[in-house]
Amino acid sequence: QVQLVESGGGLVQAGGSLRLSCAASGDTFSTYAMGWFRQTPGNERTFVARITSGSYTMYADSVKGRFTISRDNDKSTVFLQMNSLKPEDTAVYYCVASRRLSPGTEMIEYRYWGQGTQVSVSS
């Protein structure tokens, strides 16, 4: 079992950047696929990005080319670098972990979830 704690959220102007971090503890981090989902009020959580234990990445079309997911196994941390932010990126961002080798975009594929961190982008 793994515990996840996100940090790095905040308020930024459109066109700006933020880097989210997610620190994991409790199990062998390097064996997990890690990812990020986001949620706006009244909507379901949607997939943003994921990175496998072998560092293969996948992104939602809406963030491709602007966001970059990476991991540091020595620090048991996954990052989400968000550039060229838009107001529609405003959401609560959740860090997720999966024991699957190559999980996809569905929430059910990720067993472990952090508490979330708010990202707000002003126009």
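Quick caveat: nothing in here was measured; it's all calculated off a predicted structure.
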J.: Is there any ring-ring contact (aromatic ring centres under 6.0 Å, His included) pair reaching into residues 86-110, and which pairs are they, with sequence neighbours excluded?
T.: Phe37-Tyr110

J.: Could you pull out every donor-acceptor pair under 3.5 Å between side chains of residues 60-68 and any protein atom, sequence neighbours left out?
T.:
residue	atom	partner	partner atom	Å
Asp61	OD1	Lys64	NZ	3.1
Ser62	OG	Arg38	NH2	3.4
Arg66	NH1	Ser84	O	3.0
Arg66	NH1	Asp89	OD2	2.7
Arg66	NH2	Ser62	O	2.9
Arg66	NH2	Asp89	OD1	3.0
Arg66	NH2	Asp89	OD2	3.4

J.: Okay, side chain of Arg50, backbone of Pro103: is any donor-acceptor separation there less than 3.5 Å?
T.: yes

J.: Using atom types as modelled and distance alone, determine if a side-chain donor or acceptor of Arg71 lies under 3.5 Å from a backbone N or O of Thr52.
T.: yes

J.: How would you list, by chain and number, every residue that makes a side chain to side chain donor-acceptor pair (under 3.5 Å) with Ser25, sequence neighbours excluded?
T.: none

J.: Any side-chain heavy atom of Ile51 sitting closer than 4.5 Å to one from Val78?
T.: yes

J.: With rounding to the nearest 0.5 Å, note down the distance linking OG in Ser21 to CG in Asp72.
T.: 10.0 Å

J.: I want to check something: taking the side chain as every heavy atom from C-beta on, are Met34 and Leu4 in contact at a cut-off of under 4.5 Å?
T.: yes

J.: Do Val119 and Met82 pass the side-chain contact (heavy atoms from CB on, under 4.5 Å) test, and can you show the C-alpha distance, the side-chain angles, and the key distance before you say yes or no?
T.: CA-CA 10 Å; Val119 171; Met82 305 185 294; 3.8 Å; yes

J.: Side chain to side chain contact (heavy atoms under 4.5 Å, CB included) with Glu44: which residues, sequence neighbours excluded?
T.: none

J.: For Ala49, enumerate each residue passing the side chain to side chain contact (heavy atoms under 4.5 Å, CB included) test, keeping only those at least two apart in sequence or located in another chain.
T.: Tyr59, Ile69, Leu80

J.: Return the set of residues passing side chain to side chain contact (heavy atoms under 4.5 Å, CB included) with Ser76 (not counting sequence neighbours), or none when no residue passes.
T.: Phe29

J.: For Ser120, what residues pass the side chain to side chain contact (heavy atoms under 4.5 Å, CB included) criterion, not counting sequence neighbours?
T.: Leu11, Thr90, Gln118

J.: For Leu101, which fellow cluster members are found when Ile, Leu, Val, Met, Phe, Trp and Tyr are connected by side-chain heavy-atom distances below 4.5 angstrom, either directly or through intermediates?
T.: none

J.: Taking only residues at least two apart or on different chains, which pairs with a member in residues 2-75 satisfy disulfide (SG to SG under 2.5 Å)?
T.: Cys22-Cys95

J.: Please report the shortest heavy-atom distance between Tyr32 and Asp27, naming the atom on each side.
T.: OH-OD2, 2.7 Å

J.: Can you list the steps and then say if Trp113 with Arg45 is a side-chain contact (heavy atoms from CB on, under 4.5 Å)?
T.: CA-CA 12 Å; Trp113 291 71; Arg45 297 178 186 182; 3.3 Å; yes

J.: Counting only pairs under 3.5 Å, give me each side-chain donor-acceptor contact of residues 12-19, with atom names and distances, residues two or more places apart or in other chains.
T.:
residue	atom	partner	partner atom	Å
Ser17	OG	Asn83	OD1	2.9

J.: Tell me which pairs pass disulfide (SG to SG under 2.5 Å) where either residue lies in residues 33-65, with sequence neighbours left out.
T.: none

J.: I'd like to know if the side chain of Ser98 and the backbone of Arg100 have a donor-acceptor N/O pair within less than 3.5 Å.
T.: yes

J.: Which residues pass the side chain to side chain donor-acceptor pair (under 3.5 Å) test with Ser70, not counting sequence neighbours?
T.: none

J.: Val96, Met58: one ILVMFWY side-chain cluster at the under-4.5 Å cut-off?
T.: yes

J.: For the pair Thr77 (side chain) and Lys75 (backbone), establish whether a donor and an acceptor sit closer than 3.5 Å, ignoring hydrogens and angles.
T.: yes

J.: If you measure from OG1 on Thr28 to CZ on Arg99, what distance do you get to the nearest 0.5 Å?
T.: 7.5 Å

J.: Could you pull out the closest heavy-atom pair between Ser53 and Ser30, with the gap in Å?
T.: CB-O, 3.1 Å

J.: Any side-chain to backbone donor/acceptor pair from Gln115 onto Val5? Under 3.5 Å, distance only.
T.: no

J.: Evaluate Leu20 against Trp36 for side-chain contact (heavy atoms from CB on, under 4.5 Å), listing each step before the verdict.
T.: CA-CA 10 Å; Leu20 304 183; Trp36 294 89; 3.7 Å; yes

